[in-house]
Amino acid sequence: MIMAAGALKTHGITTETVKNMILNACAVYKNVKYETSGWKGEPLGATSGGTKFNWEKKWMDIEVDGATVLVKGISKQLVGEAAYIEANMTELTEQILMDALYLEKDTEAQHEGYTAYKSKGIISETDYLENIALFGTKSDGKKVLIILPNAICTEAFELETKNAEQSVFKVKFESTADPASGNLNKLDVKIIFENGGA
C-alpha cells in the first residue's frame, strides 16, 4: 500500500499488516515437491527454539578514479550468493544423523539389538538432499514455502545434555548449484506464497 503525498506516518502499520505476519517457527522438510494433490515432503524432525533462513548476495566493490561515493551501476557488482536453513533439532533419529553427518551403517560391528553407524569419509552425490525447505503460515492462514535445492549439511554436530533440560542440536543445510544445470552463477532458491483464500 502506497501512502499519498503528505500522508506519511511514524509507523509502517497498514490494514494489511495483520494478515502478513509470520507467527510460528515454521517446519523443516526435505525432498519437497509439488503434486496434483499439493505439496509433499518428508519432515526433517521436531525443532525447538525456532529456525533460521538466510539468503545473502555477495558483492565486489569496484573502485573507479574520480568517484568518491558509490556510483549506481558501477560500484557494486553482484558476484554470487549463498543461502542456508538452520534449525535447532530436538528430535534425535538415525535418519537425521545420516542426513547431517553422512554416515553409513557399520556392517562389521556386532552389537546384538543395536545398529552402529560410521563416517563415510567421502561425500557422494547421494548425500545431497534434493532440497531442504521451510514451511509456515502467515497470520491470514496463507502458506509460505522456502525451498533450497541441492542441500548439504555443513554444520558440525554438537549435542550438550543437562539434567532437567531439553537438549537440542543445530543443523545447517546450505543450497548448492547443480553443475548439470549449466548455471553456476546463481542458486535456484524459491520463495513461494499461496494465492487466494486461506
Side-chain angles (χ1 to χ4, degrees), residues 20-63 70-89 91 93 95-103 119-138 142-158 168-195:
N20 293 319
M21 295 183 286
I22 296 287
L23 299 178
N24 59 24
C26 296
V28 184
Y29 282 83
K30 65 178 184 177
N31 304 327
V32 170
K33 59 184 65 176
Y34 185 79
E35 299 176 355
T36 52
S37 57
W39 290 98
K40 304 290 182 184
E42 306 165 56
L44 188 66
T47 61
S48 178
T51 57
K52 180 179 179 180
F53 166 62
N54 180 279
W55 191 0
E56 180 181 359
K57 305 297 182 183
K58 296 183 178 179
W59 301 90
M60 180 171 64
D61 292 333
I62 306 295
E63 294 184 10
L70 294 178
V71 180
K72 178 182 175 182
I74 297 175
S75 297
K76 292 285 186 182
Q77 294 296 315
L78 186 62
V79 294
E81 59 185 347
Y84 66 82
I85 287 173
E86 194 173 85
N88 296 310
M89 309 303 300
E91 182 175 3
T93 66
Q95 188 60 55
I96 289 173
L97 292 184
M98 290 177 70
D99 289 338
L101 296 176
Y102 322 112
L103 304 179
S119 177
K120 292 174 63 175
I122 297 175
I123 303 298
S124 64
E125 186 172 339
T126 57
D127 291 314
Y128 287 82
L129 301 179
E130 181 180 342
N131 58 54
I132 195 84
L134 276 186
F135 176 74
T137 55
K138 297 193 302 176
K142 292 179 184 174
K143 300 170 182 65
V144 179
L145 189 62
I146 301 170
I147 302 176
L148 279 60
N150 310 308
I152 190 88
C153 186
T154 58
E155 184 75 30
F157 178 72
E158 183 177 357
V168 298
F169 61 95
K170 187 179 295 182
V171 292
K172 178 180 177 182
F173 285 90
E174 296 193 53
S175 183
T176 65
D178 184 352
S181 71
N183 189 344
L184 304 182
N185 297 316
K186 71 179 189 71
L187 298 171
D188 194 22
V189 176
K190 289 183 171 59
I191 301 178
I192 302 166
F193 288 85
E194 181 183 17
N195 296 326

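This chain uses plain numbering: 1 for the first residue, then up along the sequence. Quick caveat, the model's predicted, so the values are computed rather than measured. Values below: all heavy atoms of this structure, side chains included; hydrogens, waters and symmetry mates excluded.
- The local environment of CD in E125 is sparse, with at most 12 non-hydrogen atoms from other residues, nucleotides or ligands closer than 6.0 Å.
- Considering every non-hydrogen atom in both W59 and L78, the closest pair reads CE3-N, 3.6 Å.
- Remark: Y102 pairs with no residue by the ring-ring contact (aromatic ring centres under 6.0 Å, His included) rule, at least two apart or across chains.
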Step-by-step side chain to side chain contact (heavy atoms under 4.5 Å, CB included) determination, V171 to D99: CA-CA 10 Å; V171 292; D99 289 338; over 6 Å; no
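- Contact detail for N150 and Y128: the closest heavy-atom pair is O-CD2, 3.8 Å.
- With rounding to the nearest 0.5 Å, the separation of CD1 in I146 from CG in N131 is 12.5 Å.
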Step-by-step side chain to side chain contact (heavy atoms under 4.5 Å, CB included) determination, V189 to E81: CA-CA 10 Å; V189 176; E81 59 185 347; over 6 Å; no
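- Here K120 contributes atom NZ and L101 contributes atom CG; the two are 12.0 Å apart, rounded to the nearest 0.5 Å.
- No side-chain donor-acceptor contact under 3.5 Å links T47 to the backbone of N88.
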Side chain to side chain contact (heavy atoms under 4.5 Å, CB included) between I192 and W39, intermediate numbers included: CA-CA 11 Å; I192 302 166; W39 290 98; 3.5 Å; yes
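- From I152, atom CD1 reaches atom CD1 of I132 across 11.0 Å, with rounding to the nearest 0.5 Å.
- Around NZ of K138, the count of heavy atoms belonging to other residues, nucleotides or ligands within 6.0 Å exceeds 12.
- Qualifying side-chain hydrogen bond (donor to acceptor under 3.5 Å, both in side chains) partners for K190, counting only residues two or more places apart in sequence or in other chains: D188.
- Looking at E56, E155, E174 one by one, the single match for side-chain contact (heavy atoms from CB on, under 4.5 Å) with Y84 turns out to be E174.
- Across G45 and I96, no two heavy atoms sit closer than the pair CA-CD1, 4.2 Å.
- Although no hydrogens or angles enter the test, the distance criterion places no donor-acceptor pair under 3.5 Å between the side chain of T51 and the main chain of A87.
- M60 CE to Q77 CD: the interatomic distance, rounded to the nearest 0.5 Å, is 6.5 Å.
- Around the CD1 atom of I122, the shell of radius 6.0 Å holds no more than 12 heavy atoms that belong to other residues, nucleotides or ligands.
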From CA spacing to verdict: side chain to side chain contact (heavy atoms under 4.5 Å, CB included), L148, F53: CA-CA 10 Å; L148 279 60; F53 166 62; 3.7 Å; yes
